[in-house]
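A short write-up of the structure that comes next.
Note on naming: letters A, B, ... go to the chains in the order of the sequence lines (proteins, then strands), and numbering restarts at 1 for each one.
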Amino acid sequence: MSQKQVRTRYAPSPTGSMHIGNLRSALYEYLVAKSQGGVFVLRIEDTDQKRQVEGALQKIYDTLKLAGIQHDEGPDVGGNYGPYVQSERKHLYLAYAKQLVESKHAYYCFCDKERLDSLRQSQEHEGAKYDRHCLGLSEREIKENLDSGMPYVIRQKMPTEGSVTYHDAVFGEITVPSSELEDQILVKSDGFPTYNFANVVDDHLMEITHVVRGSEYVSSTPKYILLYEAFGWDVPVFIHLPLITKEGGRKMSKREGDASFVDLIDMGYLPEAIVNYVALLGWSPRDNQEIFSLKELEEVFDIKGISKSPSTFDFEKLNWMNREYIRKMDLDAFHAKAIEEYKKASLTETTADLHKVSQLLRERIEFFTQIPENVDFLVKMPDNYDLNMYNHKKMKTSTENSVEFLEASYQSLAQLMDWNFQSIEKALMDTVETLGVKNGQILWPVRTAISGKQMTPGGAFEIADILGKEETLSRLQISMDRLKTFNENQ
RNA sequence: GGCCCAUUGGUCAAGCGGUUAAGACAUCGCCCUCUCACGGCGGUAACAGGGGUUCGAAUCCCCUAUGGGUCACCA
């Protein structure tokens, strides 16, 4: 390879939100460039005027930004190879197409939609190709048609014999018989280039060195190769990525409503976790590291680690990764994000020391959206929680002996002047010792009595600390009263 | 249907002719433990099938099967 600077590009069409496959393409384009000190450019392919979607461009910017995948050149940041929006480059393509007509690599075609449709219908299977009807037109016929303003397209003339072979950085040698190649349209009748053509022209003009894209393009790549050869241009390195499928093996698609990046964000996944997870879908590092920051990925990414076979998007693993990221968050950052959820649960600074709550939660939640259900009991103890929770075989507690244990705990807690984790712990552990019972016999009932829940983030010490003395004692009293009433009625 | 590609445990995957076939997620069990979570230890579980080549094949070749991709004036 030459020492030319590596340049990659992400070239989405603004037709909707970015699904996971798109995101992964963008990520790998970015990583291929950055891992080699290269440049990553964003180019918008809006040559299909009919499919433009309002706001789609903004979504692309937003997604890239959220994911931390920043482009060095693009419509919004400029660069020396602009414009970066294909509709603004429209005038360029026709000249290149005509150049191909001159060199006999392409030709004018005047067939209308009706003829093409009936042609397709008369052929049995899909895959039937254009019959080259217009290839036989004479110079004069072409000129007449053109002069009369008849709509036309320009088609690429494929070789009739042999095959086309190219080398793919991940799939290796790919050979396709020429007979499989259709005389594809380069310039449409509305004057816009097709994706395939604009792509080649722009990649060349923008000096793209590595074309990274989904493997759905492997079989059309020979057509690209032919184009590069017809122009006499250097062929870039092709890196086709294995597809990401959903459970069951189907390709992810927007049409089927599969999760887009922003959907996942809305579900509560952290952008970093998604990026990390997606990086590992179809690529693996030399060692067994799994948690990577974008920066780390930029350093260790290697094309050799890209696999050929499609991979299934697995939410279970993403969940795990999300939790890993949450646990690694700086406590202040966690807290800042958690506050929104506390609000949803009506949990305020007056009911509890929210920093302490955050500390407990950071170790336990998988999603921020799980916070409300985890803190509801702090706001208000469940009214009629099941007293059966006191009957715990392993803890050796029952609705009967719990009354006694709770009373002893109440007494020792009530005497506390300083109310904090340490003092609470000492008071309760002293109670354990005084009564000569197991830790669990005191701590299980206390935790139950002040939370009313089977499971809580944190144990008796933490919860009592967060609740404060007054509330803790009040809850203990309520629970003891309920227990007594219950026992008497047995 | 033609063409192209793929196929290691449920999932992500390492492996590039000689390994007890890694590791992670999930799952199960045990330990730790006042619940949950964390952590620790351990278990179940894979080379799609058949032929070759080779002293030796998950690794190379062929066939079959399965899965996927692609066959637009869409990208």
Side-chain angles (χ1 to χ4, degrees), chain A residues 11-13 15 45-48 50-51 109 111-113 116 120 124-130 151-155 168 171-172 174-177 179-182 184-190 192-196 198-199 213-222 240 242-243 245 247-251 277 280-290 305 307-321 323 327 360-366 374 389 392 394-395 397 428 432 438-448 451 453-463:
Chain A
S13 50
T15 57
E45 310 222 330
D46 58 347
T47 55
D48 186 353
K50 292 183 287 272
R51 294 202 341 176
C109 171
C111 294
D112 58 22
K113 193 152 191 330
L116 260 21
R120 220 164 272 133
E124 290 196 0
H125 295 292
E126 275 197 84
K129 300 182 321 221
Y130 174 61
Y152 68 90
V153 300
I154 295 177
R155 308 187 87 113
D168 187 283
F171 286 93
I174 303 283
T175 300
V176 175
S179 58
E180 286 297 316
L181 276 17
E182 185 178 37
Q184 67 172 346
I185 290 172
L186 267 19
V187 176
K188 302 184 269 191
S189 55
D190 65 0
F192 275 93
T194 54
Y195 165 84
N196 293 120
N199 216 263
R213 60 205 330 191
S215 68
E216 64 264 33
Y217 292 106
V218 275
S219 34
S220 57
T221 300
H240 285 109
L243 264 11
T245 65
E247 223 174 311
R250 286 260 158 211
K251 178 185 171 184
Y277 175 66
L280 259 25
L281 267 189
W283 174 80
S284 62
R286 288 176 190 285
D287 57 18
N288 275 328
Q289 187 175 342
E290 300 229 56
S307 70
K308 298 184 190 179
S309 44
S311 40
T312 305
F313 192 90
D314 180 23
F315 278 95
E316 297 279 8
K317 185 131 188 183
L318 211 212
N319 291 350
W320 167 78
M321 203 165 267
R323 173 153 57 190
R327 292 182 62 209
L360 292 178
L361 255 22
R362 186 177 57 169
E363 299 297 312
R364 285 161 238 260
I365 60 166
E366 205 159 62
N374 271 284
M389 284 193 278
H392 198 296
K394 198 178 156 215
M395 297 303 152
T397 60
L428 258 16
V432 167
K438 287 181 48 181
N439 292 0
Q441 286 177 287
I442 295 298
L443 301 176
W444 173 263
V446 168
R447 205 195 108 259
T448 304
S451 69
K453 286 187 93 173
Q454 189 84 244
M455 296 180 294
T456 55
F461 308 144
E462 288 92 345
I463 295 170

* Give a yes/no on whether any side-chain N or O of A:S179 is located under 4.0 angstrom from OP1 or OP2 of B:rG2. => no

* Look at the side chain of A:K394 against the base of B:rU33 and say whether a donor-acceptor pair falls under 3.5 Å; ignore hydrogens and angles. => yes

* Asked: Between B:rC12 atom P and A:L243 atom CG, what is the distance in whole Å?
  -> 13 Å

* Under 4.0 Å protein heavy-atom contacts per nucleotide of nucleotides 41-49 of chain B, with B for base, S for backbone only and - for none -> ---------

* **Residue mapping more 5' on RNA chain B - nearest nucleotide basis, A:R286 or A:S220** => A:R286

* Asked: Would one find a side-chain N or O of A:T312 under 4.0 angstrom from OP1 or OP2 of B:rC12?
  -> yes

* On the 0 to 90° scale, with breaks at 30° and 60°, tag the A:Y277-A:F313 ring pair as parallel, tilted or perpendicular. => perpendicular

* Compare side-chain N and O positions of A:S284 against OP1 and OP2 of B:rA14 and report whether any pair is under 4.0 Å apart. => yes

* Will you find, in the side chains of A:H240 and A:T221, an N or O donor that is under 3.5 Å from an N or O acceptor? -> yes

* Side-chain donor/acceptor contact of A:S189 with base of B:rC73 under 3.5 Å -> yes

Restricting both atoms to N or O, compile the protein contacts to nucleotides 21-28 of chain B shorter than 3.5 Å, with distance only.
from, atom 1, to, atom 2, distance (Å)
B:rA22, N1, A:N288, OD1, 3.3
B:rA24, O4', A:E290, OE2, 2.8
B:rA24, O2', A:E290, OE2, 2.4
B:rA24, O2', A:K317, NZ, 3.0
B:rA24, N3, A:K317, NZ, 3.1
B:rC25, O2', A:E316, O, 3.4
B:rC25, O2', A:K317, N, 3.4

* Structure fact -> Taking B:rU35, B:rC3, B:rA75 as options, the one with an atom nearest any side-chain atom of A:R364 is B:rU35

* Value in whole Å for how far the P atom of B:rC3 lies from CD1 of A:I174 -> 15 Å

* To do: Ignoring backbone atoms, test whether A:K453 places a side-chain nitrogen or oxygen under 4.0 Å from the OP1 or OP2 oxygen of B:rU35.
  => no

* Asked: For the pair made of CZ in A:F171 and P in B:rU70, what is the distance, rounded to whole Å?
  -> 12 Å

* Please figure out whether A:M395 or A:P242 has its closest RNA chain B nucleotide nearer the 5' end. => A:P242

* Which of these, A:M389, A:Q441, A:K438, sits in a side-chain contact (heavy atoms from CB on, under 4.5 Å) with A:T397? -> A:Q441

* Would you indicate which nucleotide in B:rC74, B:rC34, B:rC12 comes nearest to any side-chain atom of A:W444? => B:rC34

* Asked: How long is the line joining CG of A:N319 and C1' of B:rC12, in whole Å?
  -> 14 Å

* Identified stems (criterion: three or more consecutive Watson-Crick or G-U pairs, under 3.5 Å), RNA chain B -> B:1-7 with B:65-71, B:10-12 with B:23-25, B:27-31 with B:39-43, B:48-52 with B:60-64

* Please state how far atom CG in A:N374 lies from atom C1' in B:rA37, giving the value in whole angstrom units. => 10 Å

* To do: Calculate the interatomic distance between A:D190 atom CG and B:rC73 atom P; express it in whole Å.
  => 12 Å

* **Side chain proximity check, A:I463 to A:T456, heavy atoms < 4.5 angstrom** => yes

* Asked: Does a nitrogen or oxygen in the side chain of A:T47 sit under 4.0 Å from OP1 or OP2 of B:rC74?
  -> no

* Flag, side chain of A:T194 to backbone of A:I185, donor-acceptor distance under 3.5 Å -> yes

* For B:rA13, take OP1 and OP2 only and decide whether either is under 4.0 Å from a side-chain N or O of A:K308. => no

* Could you give the CD-to-P distance, from A:E180 to B:rG2, as a whole number of Å? -> 10 Å

* Whole-Å distance separating the CZ atom of A:R213 from the P atom of B:rG69 -> 17 Å

* Out of B:rA75, B:rC34, B:rA6, which has the shortest distance to the side chain of A:L443? -> B:rC34

